[in-house]
Amino acid sequence: MDSTATASLASLWDEVSGTQPDPDLWVVIATLGAALAVVVPHGLWRISRNAITIAHEGGHGLVALLTGRTLTGIRLHSDTSGLTVSRGKPHGIGMILTAAAGYTAPPLLGLGGASLLGSGRITLLLWLATALLLAMLVMIRNAYGALTMLVTGGLFVLVSWLAGPQVQAAFAYAVVWFLLIGGVRPAFELQAKRARGGAGDSDADQLSRLTHVPAGLWFFLFHAVSLCSLIGGGRWLLEM
């Protein structure tokens with residue numbers, strides 16, 4: 001029985017970590033177009049931005065844990081804002097990295113996803129994304145956030161378990177393109193809002209208080225990470 005279970009686990013791991021054939025170039029281009037279609041128009045972006053908020057707040061939470069802070073909860077709001085609360089020293093490298101992780105998380109996740117897709121590991125990407133979403137669900141502390149996570153996580157589960165290889169590939173490429181492209185827009189939106197006198201306690205402002213580095217330089221970092229991720233990730237996705 002033990003040997004059978006071990007063999008089954010080994011077979012499952014081989015299936016998950018193995019490589020799958022690259023999709024046709026037209027699929028890659030079509031998913032790029034689909035990502036642009038839900039990021040560029042303002043009306044659709046107001047809805048699709050919820051997924052970027054998940055990655056943003058998930059980035060805060062993951063880095064908080066990795067730096068030894070205690071993650072107490074995550075909230076996702078219907079206006080696409082979010083809040084991640086952790087306990088620990090209110091200053092120092094852990095707090096700085098946690099604050100910096102929000103706006104950099106979506107493009108970096110997209111870059112990591114592009115790396116996996118570039119090496120043909122479509123199934124591994126879908127399973128890793130599903131695991132991260134389920135882990136984040138445990139930390140959600142409001143009803144709207146829980147509903148958003150259940151819908152998003154459920155979609156990944158359905159595609160990972162029930163869809164065929166071609167659908168899985170198209171879905172994975174669409175998700176990665178969305179993270180890469182959608183990861184560029186929020187920092188520009190925040191910068192514009194601050195120019196109008198709003199968002200006085202943004203991540204950039206918190207980082208400025210923590211490090212005594214001007215908020216403008218933190219915005220430069222956010223833009224540099226997102227644009228470099230888009231360029232690098234896009235090259236990986238388009239290399240067939």
Side-chain angles (χ1 to χ4, degrees), residues 15-56 58-59 80 102-133 148-149 151-192 222-240:
E15 180 180 347
V16 171
S17 62
T19 60
Q20 293 77 42
D22 291 330
D24 295 333
L25 180 59
W26 73 265
V27 174
V28 179
I29 301 299
T31 53
L32 168 59
L36 287 169
V38 297
V39 170
V40 176
H42 182 70
L44 289 176
W45 173 242
R46 290 184 62 187
I47 300 172
S48 64
R49 197 182 193 280
N50 283 283
I52 295 296
T53 303
I54 290 174
H56 179 115
T80 73
Y103 281 94
T104 56
L108 289 177
L109 285 171
L111 183 63
S115 176
L116 288 175
L117 293 181
S119 61
R121 288 176 168 80
I122 297 170
T123 302
L124 180 59
L125 181 144
L126 293 174
W127 280 53
L128 284 175
T130 303
L132 288 173
L133 288 168
T148 302
M149 294 301 302
V151 171
T152 306
L155 179 60
F156 272 83
V157 170
L158 287 175
V159 172
S160 299
W161 283 92
L162 301 179
Q166 292 301 316
V167 174
Q168 288 186 354
F171 180 75
Y173 272 79
V175 167
V176 171
W177 276 124
F178 174 74
L179 288 171
L180 290 171
I181 298 170
V184 173
R185 186 166 176 173
F188 284 102
E189 291 179 332
L190 177 61
Q191 202 164 12
F222 297 159
H223 294 319
V225 170
S226 63
L227 291 172
C228 289
S229 295
L230 175 58
I231 294 170
R235 289 185 60 184
W236 276 331
L237 294 178
L238 292 170
E239 287 178 356
M240 304 296 293

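- Leu155 pairs by the side chain to side chain contact (heavy atoms under 4.5 Å, CB included) definition with Val159, Phe171, not counting sequence neighbours.
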Step by step, would you call Asp22 with Tyr173 a side-chain contact (heavy atoms from CB on, under 4.5 Å)? CA-CA 10 Å; Asp22 291 330; Tyr173 272 79; 4.3 Å; yes
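- Partners of Gln168 according to the side-chain hydrogen bond (donor to acceptor under 3.5 Å, both in side chains) rule, which considers only residues two or more places apart in sequence or in another chain, do not exist here.
- The two residues Ala55 and Ala105 come nearest to each other via the heavy atoms O-CB, 3.4 Å.
- The stretch residues 29-55 participates, sequence neighbours left out, in no ring-ring contact (aromatic ring centres under 6.0 Å, His included) pair at all.
- With sequence neighbours excluded, the residues forming a side chain to side chain contact (heavy atoms under 4.5 Å, CB included) with Ala172 are Leu117, Ile122, Leu125, Leu126, listed by chain and number.
- Across all non-hydrogen atoms, the minimal contact from Pro107 to Ser229 is O-CB, 3.5 Å.
- Here the OH-CG distance, from Tyr103 to Leu108, works out to 15.0 Å after rounding to the nearest 0.5 Å.
- For the atom pair Ser119 OG and Gln20 CD, the distance stands at 9.5 Å (nearest 0.5 Å).
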What donor-acceptor contacts under 3.5 angstrom involve side-chain atoms of residues 177-188, with partners at least two apart or in another chain?
{"from": "Trp177", "atom 1": "NE1", "to": "Val28", "atom 2": "O", "distance (Å)": "3.3"}
{"from": "Arg185", "atom 1": "NE", "to": "Glu189", "atom 2": "OE2", "distance (Å)": "2.9"}
{"from": "Arg185", "atom 1": "NH1", "to": "Val39", "atom 2": "O", "distance (Å)": "2.5"}
{"from": "Arg185", "atom 1": "NH1", "to": "Val40", "atom 2": "O", "distance (Å)": "3.1"}

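- Atom-to-atom distance recorded for Thr130:OG1 and Trp161:CH2 is 10.0 Å, nearest 0.5 angstrom.
- Rounded to the nearest 0.5 Å, atoms CG (Leu109) and OG1 (Thr104) are 9.0 Å apart.
- With rounding to the nearest 0.5 angstrom, the CD1 atom of Ile29 is 10.0 Å from the CG atom of Leu237.
- Applying the side chain to side chain contact (heavy atoms under 4.5 Å, CB included) test to Thr80 and every residue at least two apart in sequence or in another chain returns Arg49, Asn50, Thr53.
- Within the 3.5 Å criterion, the main-chain N or O of Met149 finds no donor-acceptor partner in the side chain of Thr152.
- No side-chain donor-acceptor contact under 3.5 Å links Thr31 to the backbone of Ala170.
- Contact record, Leu133 with Gly153: CD1-CA, 3.9 Å, taken as the closest heavy-atom pair.
- The line from CG of Leu128 to CZ of Arg121 is 11.0 Å long, rounded to the nearest 0.5 Å.
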